[in-house]
Amino acid sequence: MATDSWALAVDEQEAAAESLSNLHLKEEKIKPDANGAVVKTNASTEKTDEEEKEDRAAQSLLNKLIRSNLVDNTNQVEVLQRDPNSPLYSVKSFEELRLKPQLLQGVYAMGFNRPSKIQENALPLMLAEPTQNLIAQSQSGTGKTAAFVLAMLSQVEPTNRYPQCLCLSPTYELALQTGKVIEQMGKFYPELKLAYAVRGNKLERGQKISEQIVIGTPGTVLDWCAKLKFIDPKKIKVFVLDEADVMIATQGHQDQSIRIQRMLPRNCQMLLFSATFEDSVWKFAQKVVPDPNIIKLKREEETLDTIKQYYVLCNNRDEKFQALCNLYGAITIAQAMIFCHTRKTASWLAAELSKEGHQVALLSGEMVVEQRAAVIERFREGKEKVLVTTNVCARGIDVEQVSVVINFDLPVDKDGNPDNETYLHRIGRTGRFGKRGLAVNMVDSKHSMNILNRIQEHFNKKIERLDTDDLDEIEKIAN
DNA sequence: AAAAAAT
């Protein structure tokens, strides 16, 4: 594909820009004040046919204008469009998107000033009419959630009292977290309601739900669509798979996700987002998503340089525990997450740390959901500084104060092979939105050293040795 | 191995 065929001629760009700024004079004037809140300076009135026509003309001019911001397809990301002859573009401000006023207001109220990199590239593709599908990859903590939430909110019609947007999350905790983002960004739609299709949310049988957006985990959503019929899947317009690779992987939630997908109407927009897509999952994603636009990271761009990675060499589990105790003072400066391979190890480790007088929280899938919600809530509030957990928290969980991730056990799959994707997601619980982070891997055998080396090779990223008996070294990483 | 259902 020749780069220069994408470009609009300079005079065309100028013409589009001028027409657009003229249009803005006639539009409701919406702009954020100093606090990021949005002020309406003009009451809206019924639109005349003439104005409707102008709107349509403006949309087409807008399309032209935003196309003039060409996506940098050579650098960090590869953007492949469904229609290869169509130009690729990115947006540099939320205003350019001509969002509904309530939605723009929601975006600014969340404190977003301008789109992040993934939002720049993904938003034009997601908001294009008629709708198109998207498979998008972007590093952890770069604004994927806000991107797809915005896409859902731009399609929803709050006056229609039935589900129109459906979002799947791999875990209960992530569904709750993403739900909060939907509620925040959508809070200026007075009629908009969100339903949580998660474990423990029991509804009365035999009725349909009236909420316009549904966020949930695969099992419950499938139940609500198929068995219990709370949702009419045929009316869904936007279907989002968050952490999409694990949602469609055979060893993940493939069965349920695909069963749900098959119930949706043919013209339903599908949006798949994740920080990782292992090769075979990419192929499968492109098979199940019709004519997708694609945003893909180059391998060397997958890791975040802001996260420093170390390993600690031990001989057994007790030594790992001792090393962890040596680190405890350093990791509790802010907050930390400690990952274990099994629920059993996690509860053992939490108990042992407590015996040593360290206050820690424990979160795993064996707990009842009420307890899980309470634990994650306390951790978010900073009431607990250390969370001992399993892969249930590996993906998506966004707690800003987390500055350290410890892999007490390295992530391996069911065959004992290194789980590169889970590794990246786990360490991505820190270093969010450009902040610095620290990851410490506990190695307890030749076997686990080999796993770590293979992870290192996969990402071509050096993981340095850390001596936890050397207080100076701990001092060094803590700052 | 963990997660995911009102199974």
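Scope of the values below: all heavy atoms of this structure, side chains included, with no hydrogens, waters or symmetry mates.
Nucleic acid contact class of Arg372(A) (heavy atoms, under 4.0 Å, all strands): sugar-phosphate only. If you check every strand for non-hydrogen atoms under 4.0 Å, Leu222(A) touches nothing.
Summarising the geometry, the separation between CD1 on Ile248(A) and P on dA4(B) is reported as 19 Å, rounded to the nearest angstrom. For Glu366(A) and dA2(B), the CD to P distance is 9 Å, given to the nearest whole Å. One can place CG of Leu363(A) at 12 Å from C1' of dA3(B), the figure rounded to the nearest angstrom. What separates CD1 of Ile215(A) from P of dA4(B) is a distance of 13 Å, to the nearest Å. Nucleotide dA4(B) holds its P atom 14 Å from the CG atom of Asp242(A), rounded to whole Å. A straight line from CD1 of Ile260(A) to P of dA4(B) spans 14 Å, rounded to a whole angstrom. We find that CZ of Arg199(A) is positioned 7 Å from C1' of dA4(B), with the value rounded to whole Å. Between His253(A) atom NE2 and dA3(B) atom P the separation is 10 Å, expressed in whole Å.
Annotation: cation-pi pair Lys235(A)/Tyr162(A) present, NZ/CZ under 6.0 Å from the ring centroid and within 45° of its normal. Remark: Lys320(A) qualifies as a cation-pi partner of Phe408(A) under the 6.0 Å distance and 45° angle criteria applied to the six-membered ring.
In this structure a side-chain-to-backbone donor-acceptor pair under 3.5 Å is missing from Glu278(A) to Asn420(A).
A donor N or O paired with an acceptor N or O is found under 3.5 Å between the base of dA6(B) and the side-chain atoms of Arg205(A).
With respect to Arg378(A) and Glu381(A), no salt bridge is recorded, no charged nitrogen being found less than 4.0 Å from a carboxylate O.
A residue-by-residue look at Val246(A) and Ala197(A) shows that Val246(A) has its nearest nucleotide of DNA chain B further toward the 5' end.
Around atom CG of Asp415(A), more than 12 heavy atoms belonging to other residues, nucleotides or ligands sit under 6.0 Å away.
Every residue meeting the ring-ring contact (aromatic ring centres under 6.0 Å, His included) condition with His358(A), not counting sequence neighbours, appears here in chain and number order: Tyr328(A).
Residue Pro218(A) has its side chain nearest to dA4(B) when only dA6(B), dA1(B), dA4(B) are considered. For Gln251(A), counting side-chain heavy atoms from C-beta on, the closest listed nucleotide (dA4(B), dA2(B), dA6(B)) is dA2(B).
Heavy-atom distances under 4.0 Å link DNA chain B to His341(A), Thr342(A), Arg343(A) of residues 338-347 of chain A, given in residue order.
With 3.5 Å as the limit, one finds a donor-acceptor pair spanning the side chains of Glu302(A) and Gln137(A).
At dA2(B), none of the side-chain N or O atoms of Arg426(A) fall inside 4.0 Å of OP1 or OP2 (strictly under the cut-off). For the OP1/OP2 pair of dA3(B) and a distance below 4.0 Å, the side-chain nitrogens and oxygens of Thr390(A) include at least one atom meeting the criterion.
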